[in-house]
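Written out below as structure tokens is the structure these notes cover.
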Amino acid sequence: MEIFIDTANIDEIKKYSKFGIIDGVTTNPALIAKEGKNFKDVLVEICDIVDGPISAEVVSTDTENMIREGRLINQLHKNIVVKLPSIPEGFEALNVLSSDGIKTNFTVVYTSNQALLAAKLGATYVSPFVGRLDVNSTSGSDLISEIVCMYENYNFDTKVLAASMRNSIYVKDAALAGAHVATIPPEILDQMMNSELSNIALEGFLDEWKKLPKEKRNYFE
Ligand code: G3P
């Protein structure tokens with residue numbers, strides 16, 4: 001499974017890129033606004049850090065302006081993926097931008113039928129919002145499984161990008177359901193790397209190691 005980081009924060013993107021685990025970045029208007037910087041500057045800076053797909057979202061809700069914004073966003077960098085919302089106007093814009101050959105991420109997806117239509121229209125990624133679904137008493141991982149199954153049935157190239165993660169269990173569930181990508185906020189990447197049991201085990205090993213006379217453990221000095 002590919003791992004994208006779900007943030008527009010430059011320091012966090014730099015921090016987690018160093019681990020070598022980040023394949024791409026997703027942003028949305030709220031994440032960009034949180035940084036308080038110029039839209040274009042933030043995206044270009046992110047593209048300079050991560051050599052992978054970088055999602056940036058249109059902010060209009062009418063088809064014509066979604067297409068206009070999508071084309072402008074696409075010009076920012078070769079790795080840009082244009083995010084379009086799953087509303088009727090978004091489907092129409094997706095059809096046009098796909099014909100342009102522009103890479104797209106069809107977002108705020110809550111049903112497998114939305115994902116089916118997006119794949120038919122050539123979306124590069126679809127983003128089911130699993131965490132937000134769960135709070136509405138509908139299983140987010142069931143939705144991922146359904147979309148993965150549909151895409152396999154018809155050999156669609158569209159990738160399922162699990163979004164709206166709430167904790168590290170969501171990532172595991174997305175992987176088990178066959179998501180091609182998960183976009184993960186920084187704090188959940190931390191959760192994925194850490195286990196208190198790992199710390200306890202390591203502490204025990206190092207306590208024992210220190211009991212070995214110093215001259216017998218001087219290999220590293
Ligand atoms: O790209 C943002 C998407 O993952 C939504 O996340 O936490 O706002 O539901 P959230």
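Remember, it's 1-based here, ligands and their atoms both numbered in the order they're listed. The structure presented is a predicted model; accordingly, all values stated were derived computationally and were not measured.
- Here the rule is side chain to side chain contact (heavy atoms under 4.5 Å, CB included) with Ser127, and of Val160, Thr107, Thr183 only Thr107 fits it.
- Atom CD in Glu152 sits 12.5 Å away from atom CE in Met150 (nearest 0.5 Å).
- For a threshold of 3.5 Å applied to N or O pairs, the pair formed by Thr27 and ligand 1 contains no separation below that value.
- A donor and an acceptor atom, one from each side chain of Glu146 and Ser112, are located under 3.5 Å apart.
- Here NZ of Lys15 is found 11.0 Å from CD1 of Ile22. Values are rounded to the nearest 0.5 Å.
- Here the heavy atom of the protein found nearest to atom 7 (O) of ligand 1 is Arg166 NH1, 2.8 Å.
- Under 4.0 Å from ligand 1, not a single heavy atom of Met165 appears.
- For ligand 1, one of its N or O atoms has an N or O atom of Arg132 under 3.5 Å away.
- Side-chain contact check for Gln191 and Asn167: no donor-acceptor pair (N or O, by modelled atom type) lies under 3.5 Å.
- Near Asn28, with a cut-off below 4.0 Å to any heavy atom, the atoms of ligand 1 are 1 (O), 2 (C).
- Of all atoms in ligand 1, numbered sequentially from 1 with element shown, those under 4.0 Å from a heavy atom of Phe129 are 3 (C), 5 (C).
- Scanning all protein heavy atoms for the shortest distance to atom 6 (O) of ligand 1 gives Ser164 CA, 3.5 Å.
- Phe4 has its ring centre less than 6.0 Å from the ring centre of Tyr125.
- In terms of polar-atom proximity, defined here as any N/O pair under 3.5 Å, Asp6 does make such a contact with ligand 1.
- With a 4.0 Å cut-off on non-hydrogen atoms, Lys83 touches ligand 1 through its side chain and not its backbone.
- A perpendicular orientation is assigned to the rings of Phe156 and Tyr151, their planes being inclined by more than 60° (bins at 30° and 60°).
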